[in-house]
Amino acid sequence: MTSIRGTHGTRLYGEAGRGQPFALLFDGEAVTAFPGETIAAALLAAGKVRLRVSRSGSPRGLYCGMGLCYECLVTVDGRANQRACMTEARPGMVVATSVAPGAAP
Amino acid sequence: MIEDTDVAVVGAGPAGLSAAGEAAQHGARVILLDDNGEPGGQYFRHPPATWLWGGTSRSRSGRTRLDALLAALRAGGVDYRARATVWDFPEPSTLAIADGTRSGRIRARAIVLATGARDRAVPFPGWTLPGVVSAGGVQNLIKGMRVAPPGPALVAGNGPLLLVAAASLVRAGVRVAAVVEAADVPRRALREAGRLALAPAIAGQAAGYRVALLAAGVRMLYGHCVVAAHGSTELESVEIAPVDAGGRPARAARERIAVRTLVTGFGLAPSLELARLAGAREAREPLLGGSVLARDASLMTSVPGIFAAGDGAAIGGVAVALLEGRLAGLEAARLAGTGAARKAPADLRMRLARARLDRVRAGIARVFAPPATWRELITGETILCRCEDVRMADIEARIGEGARSATQLKHVTRFGMGRCQGRNCLAALGELLAARGLDPALPRVRPPARPILLGDLMTEDIPPPELPADPHLPRAR
């Protein structure tokens with residue numbers, strides 16, 4: 001089975017009209033975001049779907065997209081367990097995959 | 001702080017917006033609370049106002065309806081509070097709100113719960129992999145953030161919303177390999193044609209989706225289900241198989257499809273946590289979302305003074321939500337004793353239209369009624385409680401040790417005790433226990449109804465409770 005890695009989400013209708021893009025860091029890597037986007041949306045557009053590691057070590061990402069499931073938890077500027085789908089991206093934000101206690105990253 | 005008002009509405013989706021506007025129109029002071037930053041709920045989800053064509057739905061009918069609802073709020077002087085989370089009913093007719101510096105309590109003569117619905121969470125092997133997204137989640141990404149997930153994608157599960165999600169993906173330019181629907185829809189649709197003909201707009205919409213999908217070359221696989229999702233750190237492929245009349249997959253006829261995104265939809269379930277916290281009685285209506293709220297003709301729940309409207313009470317879709325919102329808003333204003341509402345007669349046309357939609361709802365639900373597959377699909381390794389990583393094998397072991405109820409299992413495994421507070425796991429556990437002849441009752445809902453911060457509890461204005469003097473306690477200086 002051929003690997004289909006490396007694809008990423010798409011910003012619909014292009015990037016025009018969303019304002020001035022900025023960068024945030026995700027696990028040390030620069031990711032483009034636009035004003036008003038959630039962290040989850042910016043990461044998805046960049047192809048980053050693995051957002052956290054659960055207590056049994058299983059990889060997790062966005063699931064419900066409406067702030068109820070708490071699967072999309074990331075660490076934002078040092079604050080743990082922030083929902084990526086409900087947190088607005090801001091310039092210079094430092095976002096990291098959150099790793100549950102006891103799990104290997 | 002403690003505030004008083006006539007009507008408090010919880011939820012600013014179609015039903016809540018409708019209820020708030022209607023109550024205000026009948027002279028009530030209304031506070032509308034919603035935990036999102038923008039009004040509209042899931043149905044009217046739209047991009048940020050600062051974006052080009054932002055702040056509204058791209059469809060003309062969506063723009064018109066949302067704009068009209070928001071205009072009614074302004075015209076009625078509704079006090080709309082975004083990012084306000086209702087987390088408890090500390091006393092009858094009182095809501096506890098977490099709202100930053102405005103946290104506190106709201107006392108209302110009448111309350112309308114319009115908390116909406118969420119995707120039914122149905123476990124299957126690999127469902128926790130990044131890349132497996134609920135249909136509601138993908139709709140929110142596309143409608144709210146204008147971001148499409150990576151393709152190729154597969155849309156699988158059960159229910160009419162699969163068509164909506166698939167059509168959204170196709171319109172967004174994502175290659176959709178197939179729509180995998182568990183029910184044998186074409187055959188059943190013929191049977192229910194009489195009921196469906198009562199709402200030609202809905203039937204026309206469904207036909208439109210089908211045409212769009214066929215034109216995009218999307219395979220429509222009825223009577224099939226996803227057996228497993230595979231991948232190491234992310235989703236890489238899914239296995240699908242046909243299901244028999246009893247809902248069992250024919251594993252020998254499996255097919256493996258490489259996908260990056262799996263959109264799952266198993267219908268919607270009302271978000272009943274607040275109503276449960278208030279003590280409202282539920283009823284079983286498998287065709288309307290499973291557990292629904294028991295309500296009288298005025299949409300009042302079994303708790304005096306608390307009404308419920310829209311998908312948050314029973315799944316009915318946006319047309320029903322808008323009408324129920326109006327009815328609940330009118331009745332709430334009447335109960336609050338505003339002079340105008342006392343004189344207004346009940347709107348019979350509203351009630352009749354709702355009744356007509358009831359028959360259509362039942363028809364649609366019968367077309368898509370699922371075969372019970374998921375218990376046949378899961379293995380011991382399948383995670384059932386996503387937040388606390390409780391697997392089926394853990395549940396089996398505890399049942400083997402004598403656990404007989406969801407509450408007992410919760411105590412010994414932490415099932416349902418994670419951040420989602422059981423929203424994605426307790427219903428499935430209840431079904432599993434019922435199938436085993438064990439006690440399917442859910443554990444009691446306790447406050448807070450949503451995770452909140454300690455800071456939200458530290459509101460200075462709430463007076464301490466009146467306690468009898470205790471000679472053994474040190475006296476305050």
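Order of the sequence lines fixes the chain letters, A, B, ..., with proteins taken first and strands second; residue numbering starts at 1 for each chain. Predicted model only: the values in this text are computed from it and were never measured. Excluded from the calculations below are hydrogen atoms, water molecules and symmetry mates; all remaining heavy atoms, backbone and side chain alike, are included.
With hydrogens and angles ignored, the 3.5 Å screen pairs no side-chain donor or acceptor of B/Trp51 with any backbone N or O of A/Gly36.
Listed by chain and number, the residues in a side chain to side chain contact (heavy atoms under 4.5 Å, CB included) with B/Ala114 are B/Ala15 (sequence neighbours excluded).
Interface remark: B/Gln42 contributes side-chain atoms only to the contact with chain A (heavy atom separation under 4.5 Å). If you measure heavy-atom distances from A/Leu73 to chain B, the contacts under 4.5 Å come from the side chain alone. In this structure, the portions of B/Ala121 lying under 4.5 Å from any heavy atom of chain A include both its backbone and its side chain. Heavy-atom distances place no part of B/Asp119 under 4.5 Å from chain A, backbone and side chain included. Of the atoms belonging to B/Arg423, it is side-chain heavy atoms, and not backbone ones, that fall under 4.5 Å from chain A.
Summarising the geometry of B/Pro130 relative to A/Pro59, their closest heavy-atom pair is CD-O, 3.3 Å, with the distance given to 0.1 Å. Here the closest heavy-atom approach between residue A/Cys69 and residue B/Cys420 is recorded as O-CB, 3.7 Å. Summarising the geometry of A/Asn81 relative to B/Arg419, their closest heavy-atom pair is ND2-NH2, 2.8 Å, with the distance given to 0.1 Å.
Contact tally against chain B (heavy-atom pairs below 4.5 Å) for A/Gly67, A/Ala42, A/Gly19, A/Ser56: the top residue is A/Ser56. Put simply, of B/Ala148, B/Gly418, B/Pro451, B/Ala172, the one with the most heavy-atom pairs under 4.5 Å next to chain A is B/Ala148. Among A/Ala41, A/Ala16, A/Cys64, the residue with the largest count of heavy-atom pairs under 4.5 Å with chain B is A/Cys64. For the options B/Asp35, B/Ile142, B/Val138, B/Ile383, heavy-atom pairs under 4.5 Å to chain A are most numerous at B/Ile383.
Counting only heavy atoms from C-beta outward, the side chains of A/Thr38 and B/Met145 approach each other to under 4.5 Å. Side-chain contact between A/Thr10 and B/Pro150 is absent, with no heavy atoms from C-beta onward closer than 4.5 Å. With a 4.5 Å cut-off on side-chain heavy atoms, A/Leu62 and B/Val133 count as touching.
More than 12 heavy atoms of other residues, nucleotides or ligands shown are found within 6.0 angstrom of CZ on B/Arg276. Atom CZ of B/Arg450 has more than 12 heavy atoms from other residues, nucleotides or ligands within 6.0 Å.
Atom OG of A/Ser58 is separated from atom CG of B/Asp389 by 5.0 Å, given to the nearest 0.5 angstrom. Atom-to-atom distance recorded for B/Leu52:CG and A/Arg18:CZ is 10.0 Å, nearest 0.5 angstrom. Residue A/Met66 holds its CE atom at 8.0 Å from CG of B/Asn36, rounded to the nearest 0.5 Å. With values rounded to the nearest 0.5 angstrom, A/Cys85 atom SG is found 8.5 Å from B/Asn140 atom CG. Rounding to the nearest 0.5 Å places CZ of A/Arg55 at 6.0 Å from CZ of B/Arg414. The distance from the CD atom of B/Glu234 to the NZ atom of A/Lys48 is 9.0 Å, given to the nearest 0.5 Å.
Among residue pairs with one or both ends in residues 31-84 of chain A, those qualifying as ring pair (Phe, Tyr, Trp, His ring centres under 6.0 Å) are A/Tyr63-B/Trp127; sequence neighbours excluded.
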Test side chain to side chain contact (heavy atoms under 4.5 Å, CB included) on A/Glu71 and B/Arg386; report intermediate values, then the result. CA-CA 8 Å; A/Glu71 284 281 25; B/Arg386 300 173 65 120; 2.4 Å; yes
